[in-house]
A.B. asks: 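After the structure tokens below, expect a handful of questions from me.
Sequence lines set the chain letters: A, B, ... in the order given, protein chains first and strands last, and positions in each chain run from 1.
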Number of protein chains: 2
Amino acid sequence: MDTAQHHPDLGMLTGQLMRALQNELFETLAEQGHPDVRPRHGSVLAFLDAEGVRATDLAARTGQHKQIIGTIVDELVSLGYVRREPDPADRRAKRIVPTEHGLDEIAKARAILATIEQRLERTLGEQRFAAFREALQEVTGHQQAWRESRQVVD
Amino acid sequence: MDTAQHHPDLGMLTGQLMRALQNELFETLAEQGHPDVRPRHGSVLAFLDAEGVRATDLAARTGQHKQIIGTIVDELVSLGYVRREPDPADRRAKRIVPTEHGLDEIAKARAILATIEQRLERTLGEQRFAAFREALQEVTGHQQAWRESRQVVD
DNA sequence: GAAACTAGTCACGATGCTTGACTATCAAGG
DNA sequence: CCTTGATAGTCAAGCATCGTGACTAGTTTC
């Protein structure tokens, strides 16, 4: 992501922010009894619910390939965060179900992110932070939409 | 980066935005005669000037390790974007100097990013976009500062 | 001039994404 | 039924990126 040094470009800024957020999240998770979850595991853990979710749905929601989801689930199974259960409605499919340990990680991850957001809210002020959050969501949506509109043209 | 689906967390949002920006930048660069630059090359190209910059300075500015900068420069040399020239002031050091081709890439990358920002500015409105940009910069800075303050404690 | 430091490189390993192919199962039409 | 095509999940190989430790050559400090 290229930029001049007079004012860092959007790509640099968002990249740095993402790395900083990720670092804090996973360092804190490690301190709270989850030292072995890594960033990529979020693609699975973040979208689970108690009934279980199929791997293909996870792939669709995160935009990642089925294979990656598969290996992530393998790791999470061996770490004791999730189980694979047969899907009663489709014998090809399996439901990814969080274990107790997995549910604990999910709750803690959400709490940590909420804490980070609260700290940023205090720093920026409630109004500015709310505006920032809304704008970020809008910008992301527009940028993704613009990208997809070009895909068709190609 | 974990999240619930009710409202995407900051990590997810920034990650998606970064990917979308990166995709547009490098697709457009490819169409404009630079099909072989990749995102990581930005760490070097974005911070060059005509006189040349030392690898260690690039590492410090981008937060990446010297070794990574070294391999990126290797690639950019073989692609014809930069040259290594001896630093007259320090015989250990070399200055990374952009070639004509490199200067062209730098100019085009900046133009593309400016175009993206202008489009977002039209979408959000001038005031909201300015506020967003400022808040993003502040949030990133605070988040990074917080991280570093914890490093000392460890 | 000797010791401590700095610039850049080499080598290795960990992590993460992409791609293609394959088996088992489901779904739709004849 | 049963054939044809799509879908769920897995196996496997390859590429890209980043992190860490060690090393050489040159510089700075005392």
A.B. asks: So what does B:D90 hit on the nucleic acid, given a heavy-atom distance under 4.0 Å: a base, only sugar-phosphate, or nothing?
C.D. replies: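 Touches sugar-phosphate only.
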A.B. asks: Would you kindly give the CG-to-C1' distance between A:N23 and D:dC18, to the nearest whole Å?
C.D. replies: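 Distance check: A:N23 CG to D:dC18 C1' gives 13 Å.
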A.B. asks: In terms of relative ring orientation, are A:F132 and B:F132 parallel, tilted or perpendicular, with 30° and 60° separating the classes?
C.D. replies: parallel
A.B. asks: Just how far, in rounded Å, is C1' of C:dT6 from NZ of B:K94?
C.D. replies: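 One finds 14 Å between C1' of C:dT6 and NZ of B:K94, rounded.
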A.B. asks: Both B:Q67 and B:E75 contact DNA chain D. Taking the nearest nucleotide for each, which residue is further toward the 5' end?
C.D. replies: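 Checking each residue's closest nucleotide, the 5'-ward one belongs to B:E75.
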A.B. asks: Rounding to an integer number of Å, can you tell me how far A:L58 CG sits from D:dG9 C1'?
C.D. replies: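 Between C1' of D:dG9 and CG of A:L58: 13 Å.
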A.B. asks: Side-chain N or O of A:H65 versus OP1/OP2 of C:dC17: is the shortest distance under 4.0 Å?
C.D. replies: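 For C:dC17, OP1/OP2 do not have a side-chain N/O of A:H65 under 4.0 Å.
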A.B. asks: Do B:R119 and B:E24 sit within salt-bridge range, that is, some charged N less than 4.0 Å from a carboxylate O?
C.D. replies: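 So B:R119 pairs with B:E24 through a salt bridge.
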A.B. asks: Once you round it to whole Å, what is the distance between P of C:dG20 and CD1 of A:I68?
C.D. replies: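 Rounding to the nearest Å, CD1 of A:I68 and P of C:dG20 are 14 Å apart.
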A.B. asks: Distance alone, cut at 3.5 Å: any donor-acceptor contact between the side chains of A:Q64 and A:S43?
C.D. replies: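 Checked: A:Q64/A:S43 side chains pair up, N/O donor to acceptor below 3.5 Å.
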A.B. asks: Grab the NE2-C1' distance between A:H41 and C:dT15 for me, whole Å please.
C.D. replies: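 Atom NE2 in A:H41 sits about 10 Å away from atom C1' in C:dT15.
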A.B. asks: Does A:R91 make a side-chain N or O approach to OP1 or OP2 of D:dA8 shorter than 4.0 Å?
C.D. replies: no
A.B. asks: Between the base of C:dT6 and the side chain of B:R92, is there any donor-acceptor pair under 3.5 Å?
C.D. replies: yes
A.B. asks: Salt-bridged, B:D104 to B:K108, with N to O below 4.0 Å?
C.D. replies: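 Looking at B:D104 and B:K108, the cut-off is met.
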A.B. asks: Just call it for B:R95: base, sugar-phosphate, or nothing, with non-hydrogen atoms closer than 4.0 Å on any strand.
C.D. replies: nothing
A.B. asks: Using a cut-off of less than 4.0 Å, is there contact between a side-chain N or O of A:T56 and OP1 or OP2 of D:dT7?
C.D. replies: no
A.B. asks: Select base, sugar-phosphate, or nothing to describe what B:Q64 touches, counting heavy atoms under 4.0 Å on all strands.
C.D. replies: sugar-phosphate
A.B. asks: A:R40 CZ to C:dG16 P: how many Å, rounded?
C.D. replies: 5 Å
A.B. asks: What integer distance in Å separates A:R84:CZ from D:dG9:P?
C.D. replies: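 Atom CZ in A:R84 sits about 9 Å away from atom P in D:dG9.
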A.B. asks: Where does the angle between the aromatic ring planes of B:Y81 and B:H34 fall among parallel (under 30°), tilted (30 to 60°) and perpendicular (over 60°)?
C.D. replies: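 Tilted: the ring planes of B:Y81 and B:H34 meet at 30° to 60°.
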A.B. asks: Can you check the A:K66 NZ to C:dT23 C1' distance for me, whole Å?
C.D. replies: 11 Å
